[in-house]
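Reminder, nothing fancy here: chain letters follow the sequence lines and each chain counts from 1.
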Amino acid sequence: MISFEYRIKDKVTILDEIRFFEKEANAITFIQEKKYELIKEKDLTKYSNIQALQNLISSYSSGKNVNLYDNIKDLNIDLGIKEKFQTEFSQNVISNLVNLDRGEITTYSEIGNRIDSTAYRAIGNILRRNPLPLIIPCHRVIKKNGDIGGFMGESDRSWQLNLKRRLLEIEQLTNP
DNA sequence: AGGTCATCTCACC
DNA sequence: GGTGAGATGACCT
């Protein structure tokens, strides 16, 4: 179960956050608490870029190697990267991530080498607060020793880590 | 200023 | 295999 949070400002759609839920019920509770309005199925055509985003995600889910980050640029959807990642360091981390292909895996250490930093933990800290999982494919970053690392802020046993493992598994399976 | 980390390495066992 | 200490540095409060 997945949800998008977006807002429209000056005719530009800004994608604030993409979020996974363990169960549908949790998503419903979350949406109610935040008092978000859902797009009605029949109105979806009015939000062509949201629909296109959904199509992209579906395409990814069906096994295609789509670069979500690149493709979203063509949809008049602003990911707000500059606002979400304000320091040069964090922007370097992100820009080194978004070009990973489906099924490709890197490590916190490798990213460090590429951006000329040994602050591996700090890299984890940036990814820990990634509001755009999948789009910024932080699930493809694991530890150098092969351990799974964290996902969606979690670092111990949790459904989030199972989800990360599962995502990688699926990407391997659908990438022969 | 001090605390928090989604890490890494190395030294043990 | 496993654990623990230490180095580490960007970020948050």
Side-chain angles (χ1 to χ4, degrees), chain A residues 1-7 9 14-27 29-31 33-34 53 56-57 60-61 63 65-72 77-175:
Chain A
M1 185 71 196
I2 205 170
S3 81
F4 315 120
E5 290 172 53
Y6 66 92
R7 71 202 134 92
K9 186 181 170 193
I14 301 171
L15 185 62
D16 282 330
E17 200 170 337
I18 175 164
R19 180 186 291 260
F20 286 98
F21 295 89
E22 184 180 16
K23 302 175 194 141
E24 190 171 345
N26 297 353
T29 309
F30 176 82
I31 287 164
E33 277 173 5
K34 289 258 195 175
L53 172 60
L56 275 181
I57 304 271
Y60 163 80
S61 305
N65 180 19
V66 284
N67 186 317
L68 296 173
Y69 182 84
D70 275 348
N71 279 280
I72 285 169
I77 291 179
D78 184 356
L79 296 176
I81 298 293
K82 285 258 151 51
E83 293 78 54
K84 292 181 174 79
F85 302 98
Q86 303 207 346
T87 63
E88 194 186 348
F89 178 82
S90 59
Q91 283 167 19
N92 283 341
V93 172
I94 298 311
S95 59
N96 264 278
L97 252 187
V98 292
N99 291 321
L100 285 182
D101 280 323
R102 161 183 279 265
E104 200 176 341
I105 284 177
T106 187
T107 66
Y108 301 99
S109 151
E110 249 180 80
I111 293 178
N113 291 342
R114 256 185 256 127
I115 67 174
D116 200 29
S117 166
T118 56
Y120 313 119
R121 268 193 119 177
I123 294 170
N125 272 332
I126 302 297
L127 270 33
R128 185 161 66 93
R129 278 182 284 275
N130 175 15
L132 302 171
L134 283 193
I135 297 172
I136 296 170
C138 58
H139 60 286
R140 295 174 186 151
V141 187
I142 64 173
K143 291 215 213 178
K144 193 182 185 183
N145 66 2
D147 287 351
I148 189 70
F151 192 51
M152 294 171 69
E154 299 295 322
S155 55
D156 50 351
R157 295 167 44 81
S158 61
W159 66 267
Q160 286 93 336
L161 284 198
N162 289 336
L163 175 60
K164 180 173 181 179
R165 274 186 275 266
R166 188 76 189 118
L167 283 172
L168 291 178
E169 232 174 74
I170 292 170
E171 291 192 0
Q172 300 293 337
L173 289 175
T174 52
N175 244 34

Give the stems involving DNA chain B, where a stem is 3 or more consecutive Watson-Crick or G-U wobble pairs (i with j, i+1 with j-1, and so on) under 3.5 Å. B:1-5 with C:9-13, B:7-13 with C:1-7
When you get a sec, tell me which of B:dC5, C:dT8, B:dT7 is the closest nucleotide to the side chain of A:N125? B:dC5
In whole angstroms, the gap separating C1' of C:dG9 from CD of A:E88 amounts to 15 Å
Of A:G149 and A:K144, whose closest DNA chain B nucleotide lies nearer the 5' terminus? A:G149
What is the distance, rounded to the nearest whole Å, between atom CD1 of A:I94 and atom C1' of C:dA10? 13 Å
A:N130 atom CG is separated from B:dC5 atom P, nearest whole Å, by 18 Å
Would you call the rings of A:F151 and A:F20 parallel, tilted or perpendicular, where under 30° means parallel and over 60° means perpendicular? tilted
Side-chain contact, heavy-atom cut-off 4.5 Å: A:K82 with A:Q91? yes
Could you check whether A:R19 makes a cation-pi contact with A:F4, meaning its NZ or CZ is under 6.0 Å from the centre of the six-membered ring and within 45° of the ring axis? no
Note, A:F85 side chain near A:I136 side chain (heavy atom, < 4.5 Å): yes
Could you label the plane-to-plane angle of the A:Y60 and A:H139 rings as parallel, tilted or perpendicular, counting under 30° as parallel and over 60° as perpendicular? perpendicular
Rounded to the Å, how far apart are A:R114 CZ and B:dT7 C1'? 16 Å
Round to the nearest Å and state the distance from A:I111 atom CD1 to C:dG9 atom C1'. 16 Å
Would you say the side chain of A:T174 lies within less than 4.5 Å of the side chain of A:N65, judging by non-hydrogen atoms? no
So A:G153, base contact, sugar-phosphate only, or nothing? Heavy-atom distance under 4.0 Å. base
Out of curiosity, A:K34 NZ to A:T29 OG1, how far, rounded to the nearest 0.5 Å? 13.5 Å
Shortest side-chain distance from A:I126, nucleotide among B:dC8, C:dA10, C:dG9: C:dA10
From OH of A:Y120 across to C1' of C:dG9 the rounded distance in Å is 11 Å
Can you tell me how far P of C:dT8 sits from CZ of A:R121, to the nearest Å? 13 Å
Please classify the nucleic acid contact of A:F89 as base, sugar-phosphate, or nothing, using heavy-atom distances under 4.0 Å. sugar-phosphate
Please determine, for the side chain of A:T87, which listed nucleotide (B:dC8, C:dA10, C:dA7) has the closest atom? C:dA10
Students often get this wrong, so: under 4.0 angstrom with heavy atoms, is A:A122 touching a base, only sugar-phosphate, or nothing? base
